[in-house]
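These values consider heavy atoms only, across backbone and side chains, with no hydrogens, waters or symmetry-generated copies. Residues: numbered from 1 along the sequence shown. Values in this document were obtained by computation on a predicted structure and should not be read as measured data.
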Amino acid sequence: MQAQSESRADLFASLADPMRRRIVELLRGHEKPVNDIVAELDIHQSGVSRHLRILNDAGFVSVRADGPRRLYALRAEPFRELDAWVSRYRDLWEARLDRLGAELERRNAGKKTGATGATGASRGRNKEKGT
């Protein structure tokens, strides 16, 4: 269990850097060579390569040789692992959101009832005055 917990911590640490998250976004959907990633980011190729190495070590990306180029693509498994971990806590926050939604509905219903009552009372007073 300790090793699995450390593994998840490594996954989160790998995605903690905003530049690595941007690289993950760029790779979403299809593989890209380093030069294409560099062209989309505001850092040098050495920086992109370092981030890709960290993502590769964590298992988020795979590398495929295509002649002299190296093509990077996302791997699904670490994302599934993170999703499985987060899903264990999903019930907790969904229950809280459900309670919040119910409270907001209750308050809105109270406002509508109060507003309708006030409007009705105003109309009654206006009729009495002949307006």
Side-chain angles (χ1 to χ4, degrees):
M1 184 71 170
Q2 176 76 16
Q4 188 177 26
S5 178
E6 288 175 11
S7 172
R8 258 193 306 278
D10 290 344
L11 292 177
F12 282 115
S14 299
L15 292 177
D17 185 276
M19 190 58 67
R20 287 194 283 274
R21 288 193 307 271
R22 286 188 63 200
I23 291 170
V24 166
E25 286 297 318
L26 290 173
L27 291 173
R28 221 175 93 201
H30 59 283
E31 64 185 4
K32 289 187 176 202
V34 175
N35 290 337
D36 287 3
I37 298 169
V38 169
E40 302 226 20
L41 301 174
D42 191 25
I43 62 173
H44 292 92
Q45 182 175 347
S46 61
V48 170
S49 294
R50 181 176 54 84
H51 287 301
L52 285 168
R53 186 179 65 251
I54 292 168
L55 290 169
N56 186 36
D57 290 347
F60 282 104
V61 297
S62 62
V63 185
R64 181 176 68 86
D66 181 32
R69 300 184 321 160
R70 299 289 176 258
L71 300 173
Y72 289 85
L74 292 179
R75 294 184 61 247
E77 184 56 36
F79 292 101
R80 285 188 195 120
E81 185 178 334
L82 289 175
D83 183 56
W85 185 82
V86 169
S87 70
R88 293 182 4 214
Y89 300 93
R90 192 167 283 130
D91 291 340
L92 174 69
W93 50 269
E94 283 181 348
R96 288 180 180 174
L97 288 174
D98 289 344
R99 287 194 304 271
L100 175 62
E103 178 62 18
L104 291 173
E105 285 180 20
R106 185 187 69 75
R107 288 181 183 191
N108 284 337
K111 286 180 182 177
K112 288 178 184 175
T113 302
T116 303
T119 304
S122 297
R123 286 185 194 144
R125 272 185 254 130
N126 290 337
K127 285 182 182 177
E128 292 171 9
K129 295 179 183 178
T131 56

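Note that CG of Leu27 and CZ of Arg22 are 12.5 Å apart. Values are rounded to the nearest 0.5 Å. Remark: Glu94 CD to Leu97 CG distance equals 7.5 Å, nearest 0.5 Å. In this structure, CZ in Phe60 is found 12.0 Å from CD1 in Ile54, a value given to the nearest 0.5 Å. Here Lys112 contributes atom NZ and Glu105 contributes atom CD; the two are 9.0 Å apart, rounded to the nearest 0.5 Å. To the nearest 0.5 Å, atoms CG (Leu41) and NE2 (His51) are separated by 8.5 Å. Atom CG of Leu52 is separated from atom CD of Gln45 by 9.5 Å, given to the nearest 0.5 angstrom.
Criterion: ILVMFWY side-chain heavy atoms under 4.5 Å apart, direct or through other members. Under it, Tyr89 and Leu100 are not part of a common hydrophobic cluster. Residues Ile37 and Val24 share a single hydrophobic cluster, defined by chaining ILVMFWY side chains whose heavy atoms lie under 4.5 Å apart. Cluster annotation: Val38 is not connected to Leu71 through the hydrophobic network of ILVMFWY side chains, with a link wherever side-chain heavy atoms come within less than 4.5 Å. Hydrophobic cluster membership differs between Leu92 and Val86, with clusters built from Ile, Leu, Val, Met, Phe, Trp and Tyr side chains linked at under 4.5 angstrom.
Within the structure, salt bridge (Lys or Arg N to Asp or Glu O under 4.0 Å) pairs that include any residue of residues 68-79 comprise Asp66-Arg69, Glu77-Arg80 (at least two apart or interchain). Every pair passing side chain to side chain donor-acceptor pair (under 3.5 Å) that includes a residue from residues 25-36 is listed here, sequence neighbours excluded: Glu25-Arg28, Glu31-Arg64, Lys32-Glu40.
Ser87 places a side-chain N or O within 3.5 Å of a backbone atom of Ala84 that can act as its donor or acceptor partner. In this structure, Arg20 contributes its side chain and Leu15 its backbone to no donor-acceptor pair below 3.5 Å.
Residues Val61 and Leu74 are in side-chain contact: their nearest non-hydrogen atoms beyond the backbone lie under 4.5 Å apart. Inter-residue side-chain proximity for Tyr72 and Leu26 is flagged as unmet; no heavy-atom pair is nearer than 4.5 Å. In this structure the side chain of Trp85 never reaches within 4.5 angstrom of the side chain of Leu11, judged on heavy atoms.
Environment of CZ in Arg96: sparse, with no more than 12 heavy atoms of neighbouring residues, nucleotides or ligands closer than 6.0 Å.
Closest approach of Ser49 to Val34, counting heavy atoms only: OG-CG1, 4.1 Å. The shortest non-hydrogen separation linking Gly59 to Pro78 is O-CG, 3.1 Å.
The existence of a salt bridge linking Arg107 and Glu103 is confirmed by a sub-4.0 Å separation between a basic side-chain nitrogen and an acidic carboxylate oxygen.
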